[in-house]
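Following: one structure in structure tokens, then a few remarks.
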Amino acid sequence: GAGVSQSPSNKVTEKGKDVELRCDPISGHTALYWYRQSLGQGLEFLIYFQGNSAPDKSGLPSDRFSAERTGGSVSTLTIQRTQQEDSAVYLCASSPQGGQPQHFGDGTRLSIL
Amino acid sequence: QQPVQSPQAVILREGEDAVINCSSSKALYSVHWYRQKHGEAPVFLMILLKGGEQKGHEKISASFNEKKQQSSLYLTASQLSYSGTYFCGTEDQAGTALIFGKGTTLSVSS
């Protein structure tokens with residue numbers, strides 16, 4: 001079956017521009033997560049959606065970062081006024097419910113010039 | 001709070017064993033283990049729940065010591081395919097965000 005789909009797979013943009021990253025989770029999965037992985041680094045938690053509950057935004061590094069999940073399915077991570085330190089791979093994962101095994105997408109590689 | 005993994009890196013020959021540790025300063029509800037190969041997405045290995053038993057397959061298993069707030073991943077008779085970065089993720093309460101450690105890189109050579 002279809003896995004977690006992320007788009008675009010690569011994004012190059014100029015410093016100061018806004019970017020939107022999309023995640024299409026596995027159908028029926030109520031939990032959705034965003035992580036950031038800088039080169040050679042670990043998985044940095046950004047935000048967690050679980051069903052209709054208020055999202056856990058505690059990992060967002062600044063107010064330039066925001067995310068939404070429409071209709072309990074597709075999620076969009078938006079980074080405003082991008083900075084060079086935002087360059088990283090942004091990974092999305094989903095699971096049937098919170099606390100269950102997460103299925104990761106292939107990520108979006110974001111490069112800020 | 002981010003769990004601490006040790007060691008940061010392990011180099012093995014095929015057939016050797018390894019132990020990767022994950023510890024937290026907070027009480028834990030569960031520990032999750034994932035493996036990420038270079039250039040690929042992380043892949044789930046196993047979950048250990050509070051009050052649960054040691055889990056795993058024949059050659060990859062894990063334990064969870066709730067009192068010590070630690071988990072260990074055991075890789076026995078390692079194979080080339082075991083190479084990658086292993087991450088532990090911890091939940092301090094059921095259904096909360098999973099926070100990952102910085103990872104342990106395992107390199108297995110023939």
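Within every chain, numbering begins at 1; the chains are lettered A, B, ... in the order of the sequence lines, protein sequences first and strands thereafter.
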So CZ of F100(B) and CD of Q37(A): to nearest 0.5 Å the spacing works out to 10.0 Å
Nearest 0.5 angstrom please: K102(B) NZ to L43(A) CG, how far?
12.5 Å
Chain A contact via [X] - side chain, backbone, both or neither, heavy atoms under 4.5 Å:
X: Q36(B); answer: side chain
X: A97(B); answer: both
X: T96(B); answer: backbone

In one Ile/Leu/Val/Met/Phe/Trp/Tyr side-chain cluster, 4.5 Å: [X], [Y]:
X: Y90(A); Y: I112(A); answer: yes
X: F45(A); Y: L98(B); answer: yes
X: V4(A); Y: L46(A); answer: no
X: L80(B); Y: Y82(B); answer: yes
X: L32(A); Y: L77(A); answer: yes

Tell me which pairs pass disulfide (SG to SG under 2.5 Å) where either residue lies in residues 2-105 of chain A, with sequence neighbours left out.
C23(A)-C92(A)
Which members of residues 85-92 of chain B, sorted by number, sit under 4.5 angstrom from chain A on a heavy-atom basis?
F87(B), E91(B)
Could you name the residues of residues 17-35 of chain B that have a heavy atom within less than 4.5 Å of a heavy atom in chain A?
H32(B), Y34(B)
More than 12 non-hydrogen atoms from neighbouring residues, nucleotides or ligands closer than 6.0 Å to [atom1] on [X], yes or no?
X: K17(A); atom1: NZ; result: no
X: Q8(B); atom1: CD; result: no
X: L39(A); atom1: CG; result: no

Proximity breakdown for Q100(A) and chain B, heavy-atom pairs closer than 4.5 Å:
backbone
Which portion of L91(A) sits near chain B, non-hydrogen atoms under 4.5 angstrom
side chain
Could you report the tightest heavy-atom contact between A41(B) and F104(A), atom names first, then the distance?
CB-CB, 3.8 Å
Any residue of residues 47-60 of chain A which, by heavy atoms, sits under 4.5 Å from chain B:
Y48(A), D56(A)
Between A94(B), G101(B), G95(B), which residue shows the highest count of heavy-atom pairs closer than 4.5 Å to chain A?
G95(B)
